A.B. asks: 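Got a structure for you, questions after.
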Number of protein chains: 2
Amino acid sequence: MSPTHTDVRSLVGAALETPVPADEYDRCPVTEVMRLMSDKWTVIVLVLLGRQPYRFNELHRAIDGISQRMLTRTLRGLESAGLVLREVHPTVPPSVEYRLTPLGQSLLGPLSGLADWAVTNEAALAAGRHPVAAATSSGPH
Amino acid sequence: MSPTHTDVRSLVGAALETPVPADEYDRCPVTEVMRLMSDKWTVIVLVLLGRQPYRFNELHRAIDGISQRMLTRTLRGLESAGLVLREVHPTVPPSVEYRLTPLGQSLLGPLSGLADWAVTNEAALAAGRHPVAAATSSGPH
DNA sequence: CCGAATCCTGGACGATACTG
DNA sequence: CAGTATCGTCCAGGATTCGG
């Protein structure tokens, strides 16, 4: 198992001179995870399911603006990644429950780290570019 | 300044019953950050610039498969978010250097957390769905 | 209640050519 | 060297309809 990473060098290997091969970049686990989370609804679904299991329509009502189609697609994506478990209860009418798998739960930690950063730096981001000490060697005279 | 978040509840407020308003979700800082990072090249550019400053064509050569157009767009996006600083040196021929701002640097930490998770769970993700203790106790065969 | 099938639009992305 | 302009393709995502 990998030791703790202190940076994201896993993405680029150890290459400084070597260009990142397009193929390797495409199959990099970091890239894959970003692809998975980068659609419009996956994160919010992940967060909600992190709090409690939901039935399909509960989720549909809980997320304002999502269509049935996109909820289904989002859940399928998470399911096939092993982050969400789909449980069908053979009742009448049928009900389907979705919950996070342990793997899905474990993603909430890192995701929370990113969320924390986003909230902390919300102001700086909203400001567009923030006031950094621009250090051209010519210097502000 | 916000206290430390232990989960991503900042995204959903405190609402369990209340549906997440589409508008609020759209302007949530977490959503914005995900939007920023969710294109094909932003993450790798961020990572490379985290190691050292790059000139435009250095970056172009370092990332296999990226087009000039997309590199420009990616850098513009990062710049307008305040994560990357663009420095024009009035030499002949002109050279432009890109480096991370302190804000950009600070993003590498949380990003690294996600990368670490991705590498750690690469196997489980590659397997599609992982062998979780399924509710159906009926084993294989 | 849960979801698949179909149609449509906008934006991401790539390739190529051109410019100061 | 560091871009911009233009064109074409592909796919995420919304609306709607149908099925089990």
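Small disclaimer: the values here were computed from a predicted structure and weren't measured. Order of the sequence lines fixes the chain letters, A, B, ..., with proteins taken first and strands second; residue numbering starts at 1 for each chain.
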A.B. asks: Check for a donor-acceptor pair, side chain of B:Thr101 on one end and backbone N or O of B:Gly82 on the other, with a separation under 3.5 Å.
C.D. replies: yes
A.B. asks: Kindly state each residue pair satisfying salt bridge (Lys or Arg N to Asp or Glu O under 4.0 Å) with at least one member in residues 54-68 of chain A, sequence neighbours excluded.
C.D. replies: none
A.B. asks: Between A:Val88 and A:Arg86, which heavy-atom pair has the shortest distance, and what is it?
C.D. replies: CG2-NH1, 3.6 Å
A.B. asks: Name all pairs fulfilling the salt bridge (Lys or Arg N to Asp or Glu O under 4.0 Å) condition that reach into residues 35-50 of chain B, sequence neighbours left out, sorted by first residue then second.
C.D. replies: B:Glu32-B:Arg35
A.B. asks: For a quick test of reading the model, state the closest non-hydrogen atom pair linking B:Ala81 to A:Leu125 and the distance between them.
C.D. replies: O-CD2, 3.5 Å
A.B. asks: Give the ring-plane orientation class for A:Trp41 versus B:Tyr25, where under 30° counts as parallel, over 60° as perpendicular and anything between as tilted.
C.D. replies: parallel
A.B. asks: Taking any atom under 4.0 angstrom from a heavy atom of chain A, which nucleotides of DNA chain D are the first and last to qualify, 5' to 3'?
C.D. replies: D:dA12 to D:dA15
A.B. asks: Of B:Asp39 and A:Glu97, whose nearest nucleotide on DNA chain C comes first from the 5' end?
C.D. replies: A:Glu97
A.B. asks: Do the non-hydrogen side-chain atoms of A:Val30 and B:Leu114 ever get within less than 4.5 Å of each other?
C.D. replies: no
A.B. asks: What are the bounds, 5' to 3', of the part of DNA chain C that sits under 4.0 Å from heavy atoms of chain A?
C.D. replies: C:dC1 to C:dT6
A.B. asks: Does A:Arg69 reach a base, just sugar-phosphate, or nothing at all? Heavy atoms under 4.0 Å.
C.D. replies: base
A.B. asks: Reckon B:Arg86 touches a base, only the sugar-phosphate, or nothing at all at heavy-atom distances under 4.0 Å?
C.D. replies: sugar-phosphate
A.B. asks: Can you confirm whether A:Pro53 sits close enough to A:Tyr98 that some side-chain heavy atom of one is under 4.5 Å from a side-chain heavy atom of the other?
C.D. replies: no
A.B. asks: So, do B:Met37 and B:Leu46 sit near enough that their side-chain heavy atoms are less than 4.5 Å apart?
C.D. replies: yes
A.B. asks: Anything under 3.5 Å between a donor and an acceptor, one on a side chain of residues 65-73 of chain B, the other on a protein residue two or more places apart or in another chain? List them.
C.D. replies:
| residue | atom | partner | partner atom | Å |
| --- | --- | --- | --- | --- |
| B:Ser67 | OG | B:Met70 | N | 3.2 |
| B:Thr72 | OG1 | B:Gln68 | O | 3.0 |

A.B. asks: Considering heavy-atom distances to DNA chain C, does B:Arg73 or B:Gln68 have its closest nucleotide positioned more toward the 5' end?
C.D. replies: B:Arg73
A.B. asks: Enter the inter-axis angle for the ends of the helix from C:dC1-D:dG20 to C:dG20-D:dC1 (five pairs per end, rounded to 10°).
C.D. replies: 40°
